[in-house]
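Comments concern the structure below.
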Amino acid sequence: MKNVARYHREIPQRYRLEAGKCTNCGYIAFPPRLICPKCKSKKFETIRLSDEGKILTYTIIRVSAEQFSKQTPFAVGIIELNDGVRLTTQIVDTDLNNIEIGKKVKIVFRKVQEDGKAGILCYGYKAVLV
Amino acid sequence: MIGIVGYGAYLPRYRIKAETIAQQWGSDPESIKRGLLLNEKTVPGQDEDTITISVEAAKNALKRARINPQEIGAVYIGSESHPYAVKPSGATLVDALGIGPHVHVASYEFACKAGSEAMYVAYSHVKAGEMKYALGIGADTSQGAPGDALEYSASAGGAAFIMGKENVIAEILFTHSFTTDTPDFWRREGEFYPRHAGRFTGEPAYFKHILGAGRALLEKSKLSPKDFKYAVFHMPNGKFPQEVGKKLGFTKEQLETGWIVPWMGNTYSGSSPTGLAAILDEAKPGDLIFMVSFGSGAGSDGFILKATDELPKVQNLAPKVRDLLNNNKIYLNYGEYAKFRKKIKVNE
Ligand SMILES: [Zn+2]
């Protein structure tokens with residue numbers, strides 16, 4: 001059984017790309033943190049990250065964890081969003097040969113995981129080529 | 001003035017051609033394409049469902065409406081493929097888009113007309129003065145049984161409409177609904193694929209209800225078909241909307257822009273709403289638009305809309321339906337399609 005409480009707690013980041021921006025030095029923490037790693041300030045404002053960015057690097061997964069085995073082969077990339085924040089996510093809806101470092105992507109809302117046949121559906125972000 | 005202040009559509013990138021399905025079942029591709037006027041249809045990705053399609057369509061509607069999502073007072077999603085039997089699709093959508101939590105949310109169902117229902121109620125809330133904005137969405141990821149005629153048409157996609165009073169891009173002038181108990185198409189609780197009553201789906205169902213709502217709308221508005229620039233009807237295949245349009249007195253030219261079914265398939269609750277979005281992509285200020293949906297069981301919702309001076313300002317703020325239809329297509333073979341649509345039995 002999926003940890004429902006944890007999924008629920010992470011909804012602002014998973015659904016809306018909410019991050020914490022340090023009001024002292026401008027550092028953006030995603031996921032949000034309590035203390036700024038740069039200036040040690042504890043004051044953050046909530047911002048929504050850009051939904052556009054580019055591929056920094058990627059890899060093709062051919063043998064995956066059990067719950068993703070029906071999607072293989074699939075691509076997982078590190079995406080640098082326009083505001084400089086990096087996140088790791090699947091790159092979907094493309095022939096894997098089209099994926100290249102530096103290509104522009106857009107963040108989309110997708111189903112990330114199904115907890116078996118009867119459990120909850122987990123949604124979040126993935127990337128598609130623009 | 002009350003009407004649409006923002007609209008948006010979403011279609012998956014995957015496609016399957018009618019001939020690919022026909023070859024699988026030993027049918028003649030040309031007779032299918034000629035008979036149903038269907039070339040290909042959209043197929044949802046393995047990670048797409050009614051919720052994700054609704055979110056993407058609504059994002060595009062918000063881009064055009066340019067409003068604070070917090071001001072949306074109601075969210076209704078009409079679909080016959082809500083991912084949960086119990087848990088509203090709209091609850092996920094409001095959290096994904098930063099709407100609410102002070103918002104009224106519900107899932108609607110009425111076969112293929114659940115989307116127009118959502119639009120109808122959203123519009124009525126604003127008209128009643130209950131709220132500033134309301135969002136109505138029609139989206140589906142429908143399934144036809146393998147080898148059934150529905151397999152050529154059942155596709156995936158949706159459209160979202162934000163209703164409001166300020167900066168209206170298409171004023172809603174008249175509405176009308178028409179409903180009777182007609183068992184033309186159904187799916188019992190727990191069944192995976194729907195059933196339909198073959199030829200019974202045409203005359204007593206589709207045609208009777210669209211004509212019923214359509215004629216009443218014309219009477220109410222004292223307008224005649226020639227007054228309209230565009231008309232769109234529910235599109236279960238390519239043929240039916242053309243025939244029903246003709247019966248009501250509309251020409252092929254009036255139907256052309258919204259008639260996207262040959263390349264999209266039947267997106268069920270998203271069908272006529274996505275056709276309307278395709279019309280709004282091109283309409284000019286002053287153009288009158290006639291729309292009638294159809295849902296089996298059976299009923300129709302009709303709208304008469306008029307494009308305003310605001311429309312051209314927002315048309316390019318989000319992807320247009322024709323671009324979603326024509327760009328980034330990925331064709332699937334039947335095996336890939338069967339896997340995507342979970343038509344293959346596997347060990348869990
Ligand atoms: Zn700092």
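Computed from a prediction, not measured in an experiment: that's the story for all the values here. Atoms considered below: every heavy atom in the structure, side chains included; atoms not considered: hydrogens, waters and symmetry mates. By convention in this document, chain letters (A, B, ...) are assigned in the order of the sequence lines, proteins followed by strands, and residues within each chain are numbered from 1.
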request  = Decide, yes or no, whether a salt bridge links B:Glu48 with A:Lys111 under the criterion of side-chain N to carboxylate O below 4.0 Å.
outcome  = no
query = Side chain, backbone, both or neither: which part of B:Lys329 has a non-hydrogen atom closer than 4.5 Å to chain A?
reply = neither
ask   = Under 6.0 Å from the NZ atom of B:Lys87, do we count more than 12 heavy atoms belonging to anything else shown?
value = yes
query = Got a sec: does the NZ of B:Lys63 have more than 12 other heavy atoms crowding it under 6.0 Å?
reply = yes
ask   = Which of the residues B:Asn327, B:Ile51, B:Asn328 is involved in the greatest number of heavy-atom pairs with chain A at under 4.5 angstrom?
value = B:Ile51
message = Within the structure provided, determine whether B:Thr92 and A:Tyr15 are in side-chain contact (heavy-atom separation under 4.5 Å).
response = yes
ask   = Would you find a donor on one side and an acceptor on the other, under 3.5 Å apart, between the side chain of B:Lys339 and the backbone of A:Lys70?
value = yes
query = Quick one: does B:Glu56's side chain have a donor or acceptor within less than 3.5 Å of a partner on A:Val108's backbone?
reply = no
A:Leu34 atom CG, over 12 foreign heavy atoms within 6.0 Å = no
task = Pick out which of A:Asp93, A:Val92, A:Thr94 makes a side-chain contact (heavy atoms from CB on, under 4.5 Å) with B:Arg13.
result = A:Asp93
task = Measure B:Leu97 against the heavy atoms of chain A and call it side chain, backbone, both or neither at under 4.5 Å.
result = backbone
request  = Can you see which heavy atom on B:Ala96 is nearest to which on A:Phe109, and at what distance?
outcome  = CB-CE1, 3.7 Å
query = Are side-chain N/O atoms of A:Tyr123 and B:Asp95 paired as donor and acceptor at under 3.5 Å?
reply = no
request  = Taking atom CZ of B:Arg195 as the centre, report whether more than 12 heavy atoms of other residues, nucleotides or ligands fall under 6.0 Å from it.
outcome  = no
task = Considering only heavy atoms and a distance below 4.5 Å, find which of A:Gln71, A:Arg110, A:Gln90 pairs most often with chain B.
result = A:Arg110
key: Interchain contact, A:Glu114 with chain B, by part (heavy-atom threshold 4.5 Å)   = side chain
A:Leu121 versus chain B, the contacting section by heavy-atom distance below 4.5 Å = both
Nearest-0.5 Å distance that lies between atom CD in B:Gln46 and atom CZ in A:Phe68 = 12.0 Å
